Amino acid sequence: MTAGDATGDPTGDTTPQPAGAPRPQDAPPRLPHARKPAGNARKPSADAPADDGYTPSARRIEREAFKRARSRRATAVAAVSTLVTGVVLFLVVVSSPGWPRTRETFFSPHYAREALPEILDGLWLNFRLLVVCGAAVLVLGMLIAVARTLRGPVFFPLRALATAYTDFFRGLPLIICLLMVVFGVPALRLQGVTTDPVLLGGTALVLTYSAYVAEVFRAGIESVHPSQRAAARSLGLGSGQTLRFVVLPQAVRRVVPPLLNDLVSLQKDTGLVSIAGAVDAVYAAQITASKSFNYTPYVVAGLIFVALTVPMTRFTDSVTARMDRRRAQGGIV
């Protein structure tokens with residue numbers, strides 16, 4: 001029996017240990033050292049494909065081939081059906097008795113070339129109205145939504161005023177709002193109030209669309225779970241800080257698609273300022289059509305608005321689809 005065995009120390013160490021020092025058997029076990037690669041072993045190149053040893057089964061290969069074939073077949077069927085539908089509609093329209101007169105009145109290349117420069121000049125006004133009114137609508141709509149979501153009895157008058165504003169302008173038709181603002185405000189003869197039809201028409205657009213956008217923002221704010229507010233307050237944030245840093249960022253992300261839809265509608269409705277006498281794309285088309293009694297300029301203006309609206313609509317759809325995928329994967333709170 002060795003000295004280590006006599007003392008009960010399995011390591012056989014007879015060195016005296018200081019008082020309170022951990023005994024060798026109390027020490028954590030040692031982890032085995034990682035084996036170093038051999039000197040002649042080379043690391044796989046970053047460009048070389050990783051050989052993980054996975055080989056898809058024959059059933060999986062067959063299933064993927066079936067999916068690709070089905071996708072190609074569906075695409076072919078959709079293309080053929082679309083082509084057939086288009087040809088049928090074209091033949092129905094062209095073979096109608098009034099098509100020659102309709103083509104001359106609405107689809108005249110001569111009048112289209114004549115009206116295009118004036119319509120493009122008026123379209124610049126529509127674009128400026130979209131940018132300025134869109135920014136004003138977003139700001140005013142956010143303020144109204146925040147006012148409607150304020151808590152506490154002291155804010156009741158503000159909540160009531162915001163609610164009345166939203167209910168009134170959401171129920172009032174836009175065309176009537178334009179007529180009331182464009183013709184009613186100058187009739188008051190107020191000092192310092194503009195009579196510019198562009199500014200008055202833009203004001204009417206902002207008043208109406210702010211009510212719709214405010215409801216969109218309010219829906220986003222109320223969709224944030226109350227636990228988010230409670231967590232922010234438990235961390236020491238005040239009510240204003242909680243609204244600014246916690247609630248509003250989540251609310252805005254959730255309502256981006258409906259906000260883009262409202263901007264698409266605003267882009268189209270900027271043409272309504274023509275009833276006030278502002279020379280935009282619609283009014284330019286009206287002037288050209290009144291000279292020749294040909295309605296081709298209206299068709300040209302309509303196609304230009306469609307060409308501007310379709311990209312925004314597709315962008316809205318892509319944003320919506322991307323947010324849905326991120327929400328499904330847990331990427332959005």
Side-chain angles (χ1 to χ4, degrees), residues 115-146 165-166 169-170 172-182 185-186 193-218 220 248-249 251-287 297-298 300-320 322-323:
L116 185 59
E118 287 78 8
I119 293 176
L120 292 179
D121 291 339
L123 188 65
W124 173 240
L125 175 61
N126 295 103
F127 181 76
R128 286 181 295 170
L129 282 172
L130 173 64
V131 173
V132 176
C133 295
V137 163
L138 292 177
V139 174
L140 183 58
M142 176 64 76
L143 294 177
I144 297 173
V146 171
Y165 175 91
T166 303
F169 283 102
R170 287 183 69 194
L172 185 67
L174 177 57
I175 188 69
I176 296 180
C177 182
L178 279 165
L179 292 173
M180 292 176 59
V181 173
V182 170
V185 173
V193 178
T194 182
T195 58
D196 187 358
V198 176
L199 295 178
L200 294 176
T203 301
L205 291 174
V206 171
L207 290 175
T208 300
Y209 272 90
S210 295
Y212 290 98
V213 172
E215 285 299 287
V216 173
F217 278 129
R218 186 175 71 91
L248 288 183
V252 172
R253 283 199 304 268
R254 296 180 180 184
V255 299
V256 166
L259 285 179
L260 292 177
N261 287 328
D262 287 336
L263 290 180
V264 171
S265 299
L266 178 62
Q267 178 184 353
K268 296 183 298 182
D269 288 340
T270 54
L272 294 177
V273 298
S274 60
I275 66 174
V279 184
D280 67 328
V282 178
Y283 195 66
Q286 181 180 355
I287 294 174
Y298 288 115
V300 174
L303 292 178
I304 290 177
F305 274 101
V306 170
L308 293 177
T309 304
V310 168
M312 293 185 64
T313 306
R314 297 286 77 80
F315 176 71
T316 302
D317 294 341
S318 64
V319 171
T320 304
R322 184 169 63 249
M323 294 186 67

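Quick caveat, the model's predicted, so the values are computed rather than measured.
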Which heavy-atom pair separates Leu125 from Ala278 by the least distance, and what is that distance?
CD2-CB, 4.0 Å

I'd like to check the side-chain contact (heavy atoms from CB on, under 4.5 Å) partners of Val132; sequence neighbours left out, ordered by chain and number.
none

Glu118 meets the salt bridge (Lys or Arg N to Asp or Glu O under 4.0 Å) criterion, sequence neighbours left out, with none

So do Tyr209 and Leu174 actually touch side chain to side chain, heavy atoms under 4.5 Å?
yes

Filter on ring-ring contact (aromatic ring centres under 6.0 Å, His included), then keep only pairs touching residues 116-145, sequence neighbours left out; what's left?
Trp124-Phe127

List the steps and the verdict of side chain to side chain contact (heavy atoms under 4.5 Å, CB included) for Phe217 and Val252.
CA-CA 7 Å; Phe217 278 129; Val252 172; 4.2 Å; yes

Only counting residues at least two apart or in another chain, list the ones meeting ring pair (Phe, Tyr, Trp, His ring centres under 6.0 Å) with Phe169.
Tyr165

CG-CG distance between Leu123 and Leu308, expressed to the nearest 0.5 angstrom:
5.5 Å

Contacts satisfying salt bridge (charged side-chain N to carboxylate O under 4.0 Å, His left out) that involve residues 304-318 (not counting sequence neighbours) are Arg314-Asp317

Determine the minimum heavy-atom distance between Asp280 and Gly271, stating which atoms define it.
OD2-CA, 3.2 Å

Separation between CG of Leu116 and CG of Asp121, rounded to the nearest 0.5 Å:
9.5 Å

Would you mind reporting whether Ile275 and Leu179 have side-chain heavy atoms less than 4.5 Å apart?
yes

Shortest non-hydrogen contact between Val255 and Gly220, atoms and distance:
CG1-CA, 3.6 Å

Without swapping roles, check the side chain of Thr270 against the backbone of Gln267 for a donor-acceptor pair under 3.5 Å.
yes

With a cut-off of 3.5 Å and sequence neighbours excluded, list every side-chain donor-acceptor pair involving residues 196-206.
unit_1	atom_1	unit_2	atom_2	d
Asp196	OD1	Val198	N	3.2
Thr203	OG1	Leu199	O	2.7

If I take atom CG from residue Asn126 and atom CZ from residue Phe305, how far apart are they, to the nearest 0.5 angstrom?
4.0 Å

Are the side chain of Tyr212 and the backbone N or O of Arg170 linked by a donor-acceptor pair below 3.5 Å?
yes

Heavy atoms of Pro186 and Thr195 approach each other most closely as CB-CG2, 4.0 Å

Atom pair OG1 (Thr320) and CG (Asn261), whose distance is rounded to the nearest 0.5 Å
6.5 Å

Tightest non-hydrogen contact, residues Gly277 and Tyr283, listed as O-CE2, 4.2 Å

Rounded distance (nearest 0.5 Å) linking atom CG of Leu259 with atom CE of Met142:
8.0 Å

Taking atom CE of Met180 as the centre, does the number of heavy atoms from other residues, nucleotides or ligands within less than 6.0 Å exceed 12?
no

What distance do Leu263 atom CG and Leu130 atom CG have between them, rounded to the nearest 0.5 Å?
7.0 Å

Of all heavy-atom pairs linking Arg218 and Ala145, the shortest is N-CB, 3.7 Å

